[in-house]
Amino acid sequence: MSANRRDQPFYMTATTQFGLEEVLADELRALGAKIEKVGQRAIEFSGNQQLLYEACLWCRTAVRILRPFAGFSAPDEKSLYREVGRIDWSKYLRQDQTFAITAVVNKSNLEHSLFVAQLTKDAIVDQFRNRTGERPNVDVRNPDIRLHLHMLENEVVLSLDASGESLHKRGYRQQTNVAPLNEALAAGLLLLAGWDGKTTLVDPMCGSGTILTEAALIAQRIAPGLYHQGKFRFEHWADFDATLWETVQMDARQMRLEEPQCYIGGSDLSRDFIELARENIAAADLEDFIRLGVRDVKDAVAPPREEPGIVLTNPPYGERIGEETEMDELYKTIGDTLKTNFQGYDAFIFTGNLQAAKRVGLKASRRIPLYNGPIDCRLLKYELYRGTRKMEKEGEEGRE
């Protein structure tokens, strides 16, 4: 590929979870992207080939990086088949490659995404068969080329998926506890909390350690995409630049800081969860940067000889029937621990149980709406002032 073609900017879309859009936009800006639009769960931006590779490697809160290449109106089945058939698919797909289509349909005459994906697949396959007598095969699990079709009010956008496996699946997580936090969301919580990777971070209910692991990746300046399993899908594209990709990876490896940048520590009442956390942290090669301990949340204390920083935790939500009283007591204990043992810190609780959160006994200075899977959640910030200012801030969550 010529240098000119490699440097030519083009449009891309990065998808993320609800509530993390501005965080992802900031990540992309830091890489040199020009932000075109911040939408719901998606950022439209422009940049060159190097930026696409770097976005897949470095964006901590992205789920996918897409490269749109075609758009048209399709009010019915015939027009969808016709317009897809007008695209020269030899530019994007070889007949010896496998492919898959993910379709998302909203407010359109064609209501069923699976039918839309099937019709699109038929148009692509028929074009190859008519031109060459042969056709590429479909592989829904691990295709060489994954296509995304987005249809809104009969307007279709087709994109190449640069990522393949969702970018939140870093590859370091060996096992998880019952309700794990996904890696992109964990990184998003840290960035929403304004944590800079240089101040003390404590998670007193750390579970399998996802928040701690993502914190260490930020602090040590490690690109999360370096843990990606297998190839990124852009490595199968016709314009893939292997030399550029190798340079981008090499630059990322050289960015890693080997000396610990701050104190990162966590604990959990469950010894089994702490063992899971150790396995995940070891798989990420981060044992030197994270301290773990088995401890009830009521016994959690600020690390001695460390400047106050941030407490960030994701306690259980108590989704099973009959757990209301248990959750109320747990959240009251969390609040008591924060007030007593973490004065001078900023505390962040991420929860899907807003009723139990009222028992924390502190007034939240910020309430950020997010989702954990299908669960409506909030990231609640509590400023734990020392002395009298601390006491002035205390109050029931329900007063807001």
Side-chain angles (χ1 to χ4, degrees), residues 23 26 60-61 172 181 183 185-222 224 255-269 273-274 277-278 280-282 284-315 331 333-351 360 362-366 368 379-387 389-390 393-394:
V23 173
D26 286 342
R60 302 180 190 279
T61 57
Y172 63 71
L181 204 60
E183 296 91 322
L185 180 54
L189 297 179
L190 288 157
L191 296 173
L192 283 169
W195 190 66
D196 60 2
K198 297 176 182 177
T199 55
T200 304
L201 179 80
V202 178
D203 182 352
M205 303 183 74
C206 69
S208 56
T210 307
I211 289 174
L212 300 174
T213 306
E214 290 298 315
L217 295 183
I218 292 171
Q220 301 308 129
R221 217 163 59 189
I222 298 170
M255 291 285 285
R256 176 181 173 128
L257 302 172
E258 296 300 334
E259 291 298 316
Q261 299 300 297
C262 60
Y263 178 98
I264 300 173
S267 55
D268 200 282
L269 178 61
F273 284 177
I274 290 297
R278 289 192 197 283
N280 293 334
I281 290 165
D285 192 25
L286 296 171
E287 304 100 312
D288 294 340
F289 310 109
I290 300 171
R291 305 186 192 188
L292 295 172
V294 178
R295 192 176 301 113
D296 195 313
V297 66
K298 67 183 175 63
D299 300 319
V301 294
R305 298 181 299 278
E306 300 291 343
E307 287 295 314
I310 283 177
V311 177
L312 173 58
T313 196
N314 174 39
Y331 280 72
T333 300
I334 293 170
D336 291 343
T337 299
L338 293 176
K339 284 181 278 189
T340 305
N341 298 338
F342 288 92
Q343 293 182 26
Y345 278 71
D346 283 338
F348 292 83
I349 297 176
F350 179 62
T351 181
V360 169
L362 291 163
K363 182 178 176 63
S365 61
R366 287 180 69 195
I368 304 172
L379 179 62
L380 304 171
K381 179 182 180 180
Y382 305 96
E383 298 173 22
L384 307 174
Y385 295 109
R386 297 180 186 272
R389 289 191 70 195
K390 173 181 76 72
K393 283 287 180 177
E394 293 181 7

Derivation and outcome, side chain to side chain contact (heavy atoms under 4.5 Å, CB included), residues Met205 and Ile334: CA-CA 10 Å; Met205 303 183 74; Ile334 293 170; 3.7 Å; yes
Looking at every non-hydrogen atom in both residues, tell me the closest pair between [X] and [Y] and how far apart they are.
{"X": "Phe350", "Y": "Pro315", "result": "O-CD, 3.5 Å"}
{"X": "Tyr345", "Y": "Val311", "result": "CD2-CG2, 3.9 Å"}
{"X": "Thr340", "Y": "Gln343", "result": "O-NE2, 4.2 Å"}
{"X": "Val202", "Y": "Pro303", "result": "CG2-CD, 3.8 Å"}
{"X": "Cys262", "Y": "Ala219", "result": "SG-CB, 4.2 Å"}
{"X": "Ala284", "Y": "Tyr172", "result": "CB-CB, 3.7 Å"}

Does [X] reach the side chain of [Y], with side-chain heavy atoms less than 4.5 Å apart?
{"X": "Gln220", "Y": "Asp288", "result": "no"}
{"X": "Asn280", "Y": "Leu286", "result": "no"}
{"X": "Leu379", "Y": "Leu312", "result": "yes"}
{"X": "Leu338", "Y": "Ile349", "result": "yes"}
{"X": "Asn314", "Y": "Thr210", "result": "no"}
{"X": "Leu189", "Y": "Leu181", "result": "yes"}

CZ (Arg256) with more than 12 external heavy atoms under 6.0 Å: yes
Distance-only, no hydrogens or angles: does the [X] side chain make a donor-acceptor pair with backbone N or O of [Y] under 3.5 Å?
{"X": "Thr200", "Y": "Glu307", "answer": "yes"}
{"X": "Asp268", "Y": "Ile274", "answer": "no"}
{"X": "Asp203", "Y": "Leu212", "answer": "no"}
{"X": "Glu383", "Y": "Ala347", "answer": "no"}
{"X": "Arg221", "Y": "Met255", "answer": "yes"}
{"X": "Thr337", "Y": "Ala300", "answer": "no"}

message: Checking Ile310 against Leu190 for the side chain to side chain contact (heavy atoms under 4.5 Å, CB included) test, could you report, in this order, the C-alpha distance in whole Å, the side-chain angles of both residues, the deciding distance, and whether it holds?
response: CA-CA 9 Å; Ile310 283 177; Leu190 288 157; over 6 Å; no
Rounded distance [0.5 Å steps], [atom1] in [X] versus [atom2] in [Y]:
{"X": "Asn341", "Y": "Lys298", "atom1": "CG", "atom2": "NZ", "value": "11.0 Å"}
{"X": "Ser208", "Y": "Ile281", "atom1": "OG", "atom2": "CD1", "value": "9.0 Å"}
{"X": "Ile218", "Y": "Gln261", "atom1": "CD1", "atom2": "CD", "value": "13.0 Å"}
{"X": "Leu192", "Y": "Lys381", "atom1": "CG", "atom2": "NZ", "value": "11.5 Å"}
{"X": "Ile290", "Y": "Arg278", "atom1": "CD1", "atom2": "CZ", "value": "11.0 Å"}
{"X": "Leu201", "Y": "Ile211", "atom1": "CG", "atom2": "CD1", "value": "8.0 Å"}

- request: Salt-bridge test for Arg366 and Asp346: reply yes if a basic N is under 4.0 Å from a carboxylate O, no otherwise.
  value: no
